[in-house]
Amino acid sequence: MQHQQTNAHFYKEVADMNVHQQMQYKQVGGGDSVDAGIDKTKLIVNYIPQYTAEGELTSIFANVGPLENVRIMRDHRTGYSYGFGFVKYSNPEDAARAIEILNGFKLRNKRLKVSYSRPPGQDMKYSNLYVTNLPKNVTEEDMDNLFGEFGEIIQRTVLKDKITGMPRGVGFVRFSKTEEAQSAISALNGKQLDNALLPLSIRVAEDHGKQKAHFLEHMTYGCPFSNGGKRRFQSPDNIQYDKSQWSLENY
DNA sequence: TATGAGCGG
């Protein structure tokens with residue numbers, strides 16, 4: 001029984017993640033399964049809160065080692081953040097450590113997900129699926145069992161009624177690859193599940209992100225409280241966050 | 001009928 005990691009704080013962070021995140025973490029930590037041709041200095045950061053500036057992300061990631069580049073992806077007109085970005089380190093060892101240390105890092109209302117960026121040109125388009133007519137007692141685990149055989153599930157949610165907390169029979173499943181999502185559609189769309197009133201309906205989810213960015217652009221247009229027609233979201237570099245939660249000296 | 005933000009320059 002030998003553990004490589006001895007840091008209790010880090011274990012707690014991992015324990016707080018959901019099962020899928022832990023699987024992903026092990027995969028990255030294990031290395032072999034995702035190695036083929038990836039740039040070991042380039043990371044993708046997901047679940048970046050709105051109103052996070054590049055400077056703030058830099059101040060977090062630069063604690064691990066020197067950076068080449070930090071970028072948060074935004075709607076180019078409104079500046080509305082898509083909630084993910086890229087961090088490039090000078091050294092691959094630092095990038096690996098950043099995954100270990102900062103994956104799951106709590107930033108305001110989110111937990112950052114830090115992982116290696118995929119090689120360019122790998123196709124993830126149309127890999128997010130919108131599912132309806134799920135059984136009313138469906139759980140996240142049921143979703144994993146139902147969809148897991150068609151590929152690597154990146155993320156899934158069962159939408160719940162805001163008041164009762166009961167599943168609404170609606171959910172999202174995001175696969176790693178286009179063809180995985182496609183095969184799930186072909187196999188499961190129209191399938192009658194036990195406990196469900198109607199046959200499953202599965203479609204590629206629409207890209208509401210762009211729509212929302214566009215909508216918000218019109219919100220600020222001509223609004224007396226907007227900043228003089230400069231239709232950009234403020235991304236202050238001086239947002240405070242609680243550094244006490246993640247002292248790097250422990251690592 | 002639809003979340004939160006999973007792959008750019």
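Numbers restart at 1 for each chain; the letters A, B, ... are given by sequence-line order, proteins then strands. Worth saying up front: this structure is predicted, and the values here are computed from it rather than measured.
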- Message: Could you tell me how far apart A:Ile72 (CD1) and B:dG4 (C1') are, to the nearest whole angstrom?
- Response: 16 Å

- A:Lys160 atom NZ is separated from B:dG4 atom P, nearest whole Å, by 11 Å

- Message: By the 4.0 Å heavy-atom rule, please label A:Thr132 as base, sugar-phosphate, or nothing.
- Response: nothing

- Task: Please evaluate the base of B:dA5 for a donor-acceptor partner in the side chain of A:Tyr47 within a cut-off of under 3.5 Å?
- Result: no

- Message: Of the options B:dT1, B:dG4, B:dC7, whose atoms approach the side-chain atoms of A:Arg168 most closely?
- Response: B:dT1

- Query: In whole angstrom, what separates A:Leu112's CG from B:dA5's P?
  - Reply: 11 Å

- Message: Mind checking if A:Lys42 touches a base, just sugar-phosphate, or nothing, with heavy atoms under 4.0 Å?
- Response: base

- Task: Decide, applying a 5.5 Å centre-distance limit and a 30° plane-angle limit (both strict), whether A:Phe86 stacks on B:dG8.
- Result: yes

- Query: Taking NZ from A:Lys88 and C1' from B:dG8, how many angstroms apart are they, rounded to a whole number?
  - Reply: 13 Å

- Task: Output yes when at least one side-chain N/O atom of A:Arg74 is less than 4.0 Å from OP1 or OP2 of B:dA5, else no.
- Result: no

- Task: Tell me which nucleotide among B:dG8, B:dT1, B:dA5 gets nearest to the side chain of A:Arg71.
- Result: B:dG8

- Query: Tell me: CG of A:Leu129 to P of B:dG4, nearest whole Å?
  - Reply: 18 Å

- With the side chain of A:Leu159 defined as its heavy atoms from C-beta on, choose the nearest nucleotide among B:dG9, B:dC7, B:dA2. B:dA2

- Query: Does the side-chain ring of A:Phe172 sit on the six-membered ring of the B:dT3 base, less than 5.5 Å centre to centre and under 30° in tilt?
  - Reply: yes

- Item | Salt bridge present between A:Glu54 and A:Arg74 (N-O < 4.0 angstrom) | yes

- Note on the structure: Which of B:dC7, B:dG8, B:dA2 is nearest the side chain of A:Asn69? It is B:dG8

- Query: In whole Å, what is the span from the CD1 atom of A:Ile153 to the P atom of B:dT3?
  - Reply: 20 Å

- Task: Rounded to the nearest angstrom, tell me the gap between atom CZ in A:Arg118 and atom C1' in B:dG9.
- Result: 19 Å

- Task: Under the side-chain contact (heavy atoms from CB on, under 4.5 Å) rule, what do A:Val131 and A:Leu200 come out as? Steps first, then yes or no, please.
- Result: CA-CA 7 Å; A:Val131 186; A:Leu200 262 189; 3.8 Å; yes

- Considering only NZ, NE, NH1 and NH2 on the basic side and carboxylate oxygens on the acidic side, decide whether A:Arg77 and A:Asp75 come within less than 4.0 Å. no

- Item | Among B:dT1, B:dG9, B:dC7, the one nearest A:Ser117 by side-chain distance | B:dC7

- CG of A:Leu43 versus C1' of B:dG8: gap in Å, rounded? 15 Å

- Message: Count I, L, V, M, F, W, Y as connected when their side-chain heavy atoms are under 4.5 Å apart, and connections chain through other members. Are A:Val204 and A:Val173 then in the same cluster?
- Response: yes

- Item | No-hydrogen, no-angle side-chain donor-acceptor test under 3.5 Å, A:Asn145 and A:Asp142 | no

